[in-house]
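Take a look at the structure below.
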Amino acid sequence: MILSKEETFSLSEMEALQSERLHSSIKRVYENVPSYREKMNAAHLTPDDVKSVADISKLPFTTKDDLRVNYPYGLFAVDKSKLQRIHASSGTTGKPTVVGYTKHDLEVWTECVARIAAMGGATGDDICQIAFGYGMFTGALGLHYGLERLGAAIVPSSSGNTEKQLMYLKDFGVTLLVATPSYGLRIAEVAMQNGFNPKTDFTVRTGLFGSEPMTEAMRAELKKMWGDNFRLTQNYGMSELMGPGVSGECEHFCGMHINTDHFIPEIIDPNKGEPLPAGEHGELVITCITKEALPLIRYRTRDLTRLFTDKCACGRTTVRMDCVTGRSDDMLKIRGVNVFPGQIEEVLLGIDECGPHYELVLTRRNHTDYMEVKVELLPELLTDVFPDLEHLGLKVRTKLKTVLGIDTKVTLASPNTLQRFEGKAKRVTDLRNV
Ligand code: DLL
């Protein structure tokens, strides 16, 4: 179902709306965010130089590093007293990336997610189990309010405790599941291990999946497990931009419709930073044009994709993005959680016994991601007393869990046993999709 008239605007109507909103966002950040004002001054730009969408490429980019330098509220365009919610996602090192919402931002977020849920087939009659982690992550509360807006009932089961998820699915007559694609597969698998047939023993007919890449192989596997009548779509978002609600697939599965009345997408060459022609693959850059608290301008998402501008059979006219094929930085998504190798390095270097050499090995078993952290011990602090090693391993694992929010397997390696590199170190071996 199409919820808002903006989803079917003509190109010229959309461009006019975007241009007006872009200009007022630029004016707002110029007046309220010192770091943006400095960057614009350095580029000899004033808000009057950005009157239409065509002017957007004059503006400097914003990166995760800008958020880190301005931690926690330095890029906010409103006073703290105007905030109604704060979320956070992983930063590249120690501190998280902080995002905030005013009352109006929460309203827009709800509307954007409601559109995407409706696009994916959700209705007011659905009973929706949200198997995303509730908390600082934007996924659960974003979908929660969006689906509630449609009039659906929410089962806020959060992530984990899969056997309990099965009980809710069955006993509460759940019709819609929200999860990462890998957790959607895992739930079906545990269901089968517990003697259920997900196709016939449950009433789930709609799946809204997001927060990590969903390959076509995963989609086919999800269909195989949940049944041919299972309508599953993926949706995309990112905390810095809003959370979920940036884009989503409709029933024609030809890319994810971007809510372009709130976000202006561009594709750039990740190395040169130059805009690429329509249809080419590159890095997605997004400008938020309605956010009050954190209106990021030309934010480099680091997600690699391409844009489609041709007509979609669903009737929506909004630009669509292809599935995300990779990243232009080293961020890893592990069980839906963003992990940067830099965070791990910082933890390891803070532990006396650990040296600077480490390796990360990612695997997927039973549709669940695992990460092994191999770290080399320093010769001078080496011990072969088993309880000491066990204690050290536990210390490393606990510290990593506190920073990353996920459990890891820690392997302590003897000095000089991990590979050395002459060029750029290759720390990550990702065996998940091989
Ligand atoms: O994952 C927001 C979200 C929650 C989107 C629930 C959809 C559903 P972050 O934790 O900040 O926010 O992670 C953002 O996740 O830059 C992508 O790399 C990745 N990502 C999100 N959706 C998709 C998707 C949420 N559909 C980062 N396909 C993004 C591939 C995705 N990657």
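Both ligands and their constituent atoms are indexed starting at 1 by order of listing. Predicted model only: the values in this text are computed from it and were never measured.
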Once you restrict to heavy atoms under 4.0 Å, what part of [X] touches ligand 1? Side chain, backbone, both or neither.
X    : value
F137 : side chain
V246 : neither
Q234 : side chain
E212 : backbone

Practice item. Kindly give the heavy-atom pair with the smallest separation between C250 and C312, and that separation in Å. Key: SG-SG, 3.7 Å
In the protein, which heavy atom is nearest to [atom], and how far is it?
atom                    : answer
atom 11 (O) of ligand 1 : S239 OG, 2.6 Å
atom 1 (O) of ligand 1  : S211 OG, 2.8 Å
atom 26 (N) of ligand 1 : N235 O, 2.8 Å
atom 15 (O) of ligand 1 : K333 CE, 2.9 Å
atom 25 (C) of ligand 1 : G237 O, 3.7 Å

Is [X] reaching over with its side chain to a backbone N or O of [Y], donor-acceptor style, under 3.5 angstrom?
X    : Y    : answer
T175 : I127 : yes
R300 : P270 : yes
K199 : M225 : no
D126 : C128 : no

Numbering as shown, the atoms of ligand 1 that approach [X] to under 4.0 Å (heavy-atom distance):
X    : answer
N338 : 9 (P), 10 (O), 11 (O), 13 (O)
M238 : 2 (C), 11 (O), 12 (O), 14 (C), 16 (O)
G139 : 4 (C), 6 (C)
R327 : 16 (O), 18 (O)
V324 : 30 (C)

Review point. Is D369 salt-bridged to R364, cutoff N-O under 4.0 Å?
Key: yes
**Study point:** R427 to Y358, cation-pi by 6.0 Å centre distance and 45° axis angle
**Key:** yes
Check your understanding: So, is the end of the R432 side chain (NZ or CZ) under 6.0 Å from the ring centre of Y370 and within 45° of the ring's axis?
Key -> no
Review point. Can a non-hydrogen atom of M331 be found less than 4.0 Å from any atom of ligand 1?
Key: yes
Practice item. Can you measure from CD (Q18) to OG1 (T290) and round to the nearest 0.5 angstrom? Key: 11.0 Å
Review point. Is W109 close to R85 at the side-chain level, that is, under 4.5 Å between some pair of heavy atoms?
Key: yes
Exercise for review: Give yes or no for whether the N/O distance cutoff of 3.5 Å, strictly under, is met between D303 and ligand 1.
Suggested key: yes
